[in-house]
There are 2 protein chains.
Amino acid sequence: MQDHTVHVQCSDCPIRHRAVCARCESDELSHLEQIKYYRSFQAGQTVIWSGDRMEFVGSVVTGIATLTHTLEDGRRQMVGLLLPSDFVGRPGRATAAYDVTATTDMVMCCFRKKPFEDLMATTPHIAQRLLEMTLDELDAAREWMLLLGRKTAREKIASMITIIARREASLRSRKPKGMLTVDLPLTREEMADYLGLTLETVSRQISALKKDGVISLEGNRHISIPDLDRLLEEAGDDSDGGMLV
Amino acid sequence: MQDHTVHVQCSDCPIRHRAVCARCESDELSHLEQIKYYRSFQAGQTVIWSGDRMEFVGSVVTGIATLTHTLEDGRRQMVGLLLPSDFVGRPGRATAAYDVTATTDMVMCCFRKKPFEDLMATTPHIAQRLLEMTLDELDAAREWMLLLGRKTAREKIASMITIIARREASLRSRKPKGMLTVDLPLTREEMADYLGLTLETVSRQISALKKDGVISLEGNRHISIPDLDRLLEEAGDDSDGGMLV
DNA sequence: GACGCGCCTTGACGCAGATCAAATGACAGG
DNA sequence: CCTGTCATTTGATCTGCGTCAAGGCGCGTC
C-alpha cells in the first residue's frame with residue numbers, strides 16, 4: 001500500500017500525491033519534475049520548527065506527520081494530522097507557523113518555494129487545486145474545533161476513531177472486507193494532544209469503550225469496530241460521519 | 001467607517017471587500033459587476049442553515065456574521081467569526097457545512113455560485129486571492145484550536161480580546177490614539193460559543209480580569225486595555241499576538 | 001411608574017477530567 | 001535471563017469549570 005520509495009515517479013501517485021498529480025496529467029509535468037525533490041524523515045524527527053524559515057512546500061508521500069502548537073509551559077495542541085497526499089507549507093509565507101513532526105518514518109516530495117510560487121503564478125490549475133485542498137482542510141479544522149470545544153472525553157475518542165477510519169479509508173482504493181478495523185498511527189500522548197486531553201484520560205476512555213463493547217483492541221494500536229453505527233452514536237455527531245461506508 | 005450601503009460600488013471597498021476588489025483592479029470588473037448583488041440581514045437573522053443548498057458565495061461588506069456548528073442536544077460551537085471583507089461560501093460544494101448567522105445588521109455582496117465558479121476558472125487571479133484568504137483562515141482556525149484545546153478560561157477570555165482587537169485594528173486604516181479600546185461585537189453567550197465555555201464562566205472571567213486591572217469596562221461591551229503586554233501575558237501565547245501594535 | 005424581557009452577574013454545589021503516583025507489559029541490548 | 005526504557009494502564013485525589021438558581025440592570029412599552 002504505502003510502498004513508495006524515495007525514487008518514486010510522479011506518475012506513480014495518482015491519489016497520494018495530489019499537488020504533483022494535478023500537474024502529472026498535463027503537458028507541463030517536466031517543469032515540476034525539474035524542481036521537485038524527495039526528503040526522508042525518521043519517526044520522531046522534526047521536519048521544521050515553528051518560526052523557522054520555510055524554504056519549501058511539498059506533500060507527504062508515505063508515512064504520517066503532525067502539525068502542533070506548543071505553549072511556553074509545554075502545553076501542546078495538535079492542529080493538523082498529515083496523511084499521504086496532504087500538502088505542507090504555505091505559498092506566500094516565509095516562516096512556519098507550527099512545528100511539523102514525522103510521527104512515523106516518512107517521505108515527502110518537496111519543491112523549493114520560489115520556483116513553486118513562480119509555477120503557480122503561470123499555471124492556474126495549481127492554485128485551483130490547492131484552494132480545493134485548503135478548503136477541505138479548513139472544513140476539517142472546523143469540525144475539529146467543535147470536537148475540542150464541546151465534546152466530552154468519550155465523544156472525543158469515538159470521534160477520533162471515526163475520523164481516522166474515514167481518512168484511512170479514503171486512502172485505500174478497495175472497500176474494507178469483513179469487520180472494519182483501524183490502525184491508530186499515534187501514541188496515547190499524541191492522541192491526547194490531538195484531542196485536548198491528557199494521556200491518562202485517553203487511556204481510560206479507550207478502556208471504557210472497549211469494556212462497553214463499542215470497540216475491541218488487538219495490541220495497543222489496532223482497533224476493530226463491530227458496529228459502526230454504535231460508534232458514530234458515541235461520537236455525538238449530528239452528521240453521518242462523512243459517509244464512512 | 002462601516003457606512004457602505006446596499007448600493008456601494010465595488011471600487012469603494014479596497015480593503016473591506018477583497019474578493020471583489022481583486023477584480024476591481026483589472027479590466028474584467030464588468031464581469032463581476034454583472035453577476036454581483038447585495039443582500040441585507042437583520043441582527044439575529046440566519047443567512048443559511050447547515051445542510052441547505054448554497055446558491056451563492058460572497059463577502060461581508062458591513063456588520064458581523066458567525067459560523068456555528070450545532071449538535072443535536074443543543075451544544076453549539078462557533079467555528080468562524082466573519083468581519084467585513086471576509087469571504088463566505090465554498091466554490092465547488094453544493095451545501096453549507098455550518099449555520100451562518102448575522103449577529104449585527106449586516107450587508108453581504110453576493111455572487112451566484114455558478115457564474116462565480118465560471119469566472120474563477122477563467123480568471124486565475126481570483127483563485128490565487130481566495131487561496132491566500134483561505135490559508136489565512138486556516139491559520140486562524142488552528143490558533144483557535146490551540147485556544148479551545150489547551151487554554152484555561154481566563155486565558156481564553158484574554159486571547160479573545162486580543163484576537164478581536166487585532167482584527168478590528170486591521171480593518172481600521174488609522175492607528176489607535178490614546179488607550180487601546182475594543183468593542184466586543186458578541187453577547188456573553190456568543191463569546192461562550194466562541195470559546196467553548198458557558199456564559200457564566202465568560203462573565204466570571206471578564207469580572208476577574210476587570211478586578212485584577214487587566215481590562216476595564218464601560219458598559220457590557222466596551223473594553224479598554226491599559227496595558228497590552230499584561231493582557232498578552234494573560235492570554236498565555238508564546239507569540240506576540242500577531243503584532244497588534 | 002410599573003411591568004416585562006433580554007442580557008448579565010453572582011453564589012452554591014457537583015462532577016468530568018486533570019494531576020499525582022504506582023504498577024504492568026513489551027521489547028531491545030547485554 | 002536480567003535489566004533498562006518506554007508506552008500504557010489503573011488508582012486515588014484534587015480542582016476548574018459546568019450546572020442550577022437567584023437576582024440586578026437597562027430599556028422599551030403600556
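Every chain is numbered from 1, with letters handed out A, B, ... down the list of sequences. Worth knowing before you read on, the calculation uses all heavy atoms, side chains too, and leaves out hydrogens, waters and symmetry mates.
- Spacing between atom CD of A/Glu189 and atom P of D/dT9 amounts to 13 Å, rounded to whole angstrom units.
- Salt bridge status for A/Arg75 with A/Asp193: absent, with no side-chain N to carboxylate O gap under 4.0 Å.
- One finds a side-chain N or O of A/Ser207 lying less than 4.0 angstrom from the OP1 or OP2 phosphate oxygen of D/dT10.
- Residues A/Arg150 and A/Glu155 approach most closely at O-OE1, 4.4 Å, considering heavy atoms.
- Residue B/Gln45 places its CD atom among more than 12 non-hydrogen atoms of other residues, nucleotides or ligands, all under 6.0 Å distant.
- Note on B/Arg221: a side-chain N or O is less than 4.0 Å away from OP1 or OP2 of C/dC8.
- Environment of CD in A/Gln42: sparse, with no more than 12 heavy atoms of neighbouring residues, nucleotides or ligands closer than 6.0 Å.
- Counting to the nearest Å, the C1' atom of D/dG23 and the CG atom of B/Leu199 are 15 Å from each other.
- Note that A/Arg39 lies in the cation-pi zone of A/Phe56, set by a 6.0 Å cut-off to the ring centre and a 45° limit from the axis.
- Although no hydrogens or angles enter the test, the distance criterion places a donor-acceptor pair under 3.5 Å between the side chain of B/Thr104 and the main chain of B/Ile64.
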Encode nucleotides 17-24 of chain C as B, S and - characters from 5' to 3', where the letter depends on protein heavy atoms closer than 4.0 Å: B to the base, S only to sugar-phosphate, - to neither.
SSBB----
Give every pair of a protein N or O atom and an N or O atom of nucleotides 25-28 of chain C that lie under 3.5 Å apart, one pair per line with the distance.
none

